[in-house]
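Accompanying notes for the structure given below.
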Amino acid sequence: MAYIVKYIDNALAENTEIDTLYRKDIKNGYKVLLVCSAEYKNIALKYNAKEIARSDDIKKSNGNLFVLFCAQDTIEISLDCAFVLRCECQIYIKYDGIFSADPAFTDFSHRIDKMDYDELLEMTVCGYKAINTDIVEKARKNGIVLHFLSYKDEYGKGTVVKEVLGISGMTVKGIIKDPNMSIISLIGVPDITGICYSIFNLISENDIVVDTISLPTAVQGKGEISFTVSRSDRIKCEKMLAENKDKIGFSRLFVDDDIAKVSVIGAALKTTKGVAAKVFKVLYENEIDVKLINTSEIKLTVFVNRKMSDIAVNKIHEMFIN
């Protein structure tokens with residue numbers, strides 16, 4: 001017998017007729033387990049689902065529609081159920097799956113059919129707000145296939161997320177913007193052993209997360225260190241560094257508070273030539289200056305002026321996806 005677990009809190013919160021979410025699966029012979037918060041119990045039971053106490057109960061119960069109510073951590077429990085039943089976990093969200101750019105802020109993004117855990121993790125870390133990073137981490141750790149679907153479209157195909165799918169298909173899966181970044185630059189930093197520890201230990205002790213660090217080669221015993229933080233942490237970070245100016249030994253501090261992070265993400269980046277060159281060509285042709293650059297095996301991130309970030313996302317999207 002084949003099973004499907006469905007996390008439906010978002011659908012119930014929007015008063016969706018949830019029978020549209022499972023009737024096709026039941027017709028195809030699946031046993032369906034709905035998982036939702038206890039606050040929706042009265043609504044969910046009207047669909048004649050059989051209430052169970054734990055996911056194992058579905059294996060020994062007659063019927064094809066079941067519901068498990070949770071006091072808390074509903075989506076976490078949905079993943080646990082999918083792990084026990086060795087099946088796909090379907091998560092219902094507003095949009096029909098994961099898109100190549102955040103659909104809440106763009107009208108040109110494309111739905112992605114399938115992607116790797118790592119690709120989605122990079123997208124969430126880089127600013128894709130529709131998905132919780134912890135959920136993807138847990139699914140990857142336990143080998144749970146995720147299927148993001150829309151509670152607004154019963155015929156939608158959504159996006160399947162699973163273990164490494166290989167590098168075939170689209171080179172770039174997503175172009176994600178985070179408009180809330182600041183660059184902090186320390187000028188005249190002494191070129192001595194341990195200086196980076198001194199700076200970033202202070203930052204860490206103040207609970208500030210650093211995103212990207214740039215450390216050019218020092219000249220005549222003095223150097224420059226630039227790094228990025230979220231705009232919400234900028235004032236606290238600037239104040240802390242100013243208070244420790246003599247201790248660190250830098251001469252000047254500059255802040256660029258008009259920065260956005262644009263990340264180009266795809267598993268095939270690690271084996272595809274020319275991606276960076278194409279990105280920089282697009283930026284050059286649209287007169288967009290690059291402030292900082294960061295890379296990983298499957299990601300290229302550029303920091304640009306916030307006012308130009310939408311153009312950057314749009315034009316890079318045209319180059320790789322449209």
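Count residues from 1 along the sequence.
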Across all chains, not counting sequence neighbours, the side-chain contact (heavy atoms from CB on, under 4.5 Å) partners of Ser296 are Glu122, Ile298, Lys299
Residues clustering with Val84 (ILVMFWY side chains joined when closer than 4.5 Å, directly or via others): none
Under the ring-ring contact (aromatic ring centres under 6.0 Å, His included) definition, can you give me all pairs with a residue in residues 246-269, not counting sequence neighbours? none
For Val219, the hydrophobic cluster (side chain heavy atoms closer than 4.5 Å, chained through members) also holds none
Within residues 313-322 or reaching into it, pairs that qualify as salt bridge (charged side-chain N to carboxylate O under 4.0 Å, His left out) - sequence neighbours excluded: Lys315-Glu318
Which atom pairs, donor and acceptor, lie under 3.5 Å between side-chain atoms of residues 305-312 and protein residues at least two apart or in another chain?
residue : atom : partner : partner atom : Å
Asn305  : OD1  : Lys307  : N            : 2.8
Asn305  : ND2  : Asp258  : OD2          : 3.3
Arg306  : NE   : Pro179  : O            : 2.6
Arg306  : NH1  : Asp257  : O            : 3.4
Arg306  : NH1  : Asp258  : OD1          : 2.7
Arg306  : NH2  : Pro179  : O            : 3.4
Arg306  : NH2  : Asp257  : O            : 2.8
Arg306  : NH2  : Ile259  : O            : 3.4
Ser309  : OG   : Arg306  : O            : 2.7
Asp310  : OD1  : Lys177  : NZ           : 2.5

What side-chain donor-acceptor pairs closer than 3.5 Å can you find for residues 52-66, not counting sequence neighbours?
residue : atom : partner : partner atom : Å
Asp57   : OD2  : Ala53   : N            : 3.3
Asp57   : OD2  : Arg54   : N            : 3.4
Ser61   : OG   : Asp57   : O            : 2.6

Contacts of Leu215 meeting side-chain contact (heavy atoms from CB on, under 4.5 Å) (sequence neighbours excluded), chain-then-number -> Cys196, Ile225
If you link I, L, V, M, F, W and Y whenever their side-chain heavy atoms are under 4.5 Å apart, who else ends up in the same group as Tyr197? none
Going by the ring-ring contact (aromatic ring centres under 6.0 Å, His included) test, which pairs reach into residues 257-283, not counting sequence neighbours? none
List in chain and number order the residues that pass side-chain contact (heavy atoms from CB on, under 4.5 Å) with Lys141, two or more places apart in sequence or in another chain; answer none if no residue qualifies. none
Parallel, tilted or perpendicular, judged at 30° and 60°: which one describes the rings of His110 and His317? tilted
Which atoms form the tightest heavy-atom contact between Phe303 and Asp211, and what is the distance? CZ-OD2, 3.3 Å
Run the side-chain contact (heavy atoms from CB on, under 4.5 Å) test against Leu79 and tell me which residues pass, sequence neighbours left out. Cys89, Ile135, Lys138, Ile144, Leu146
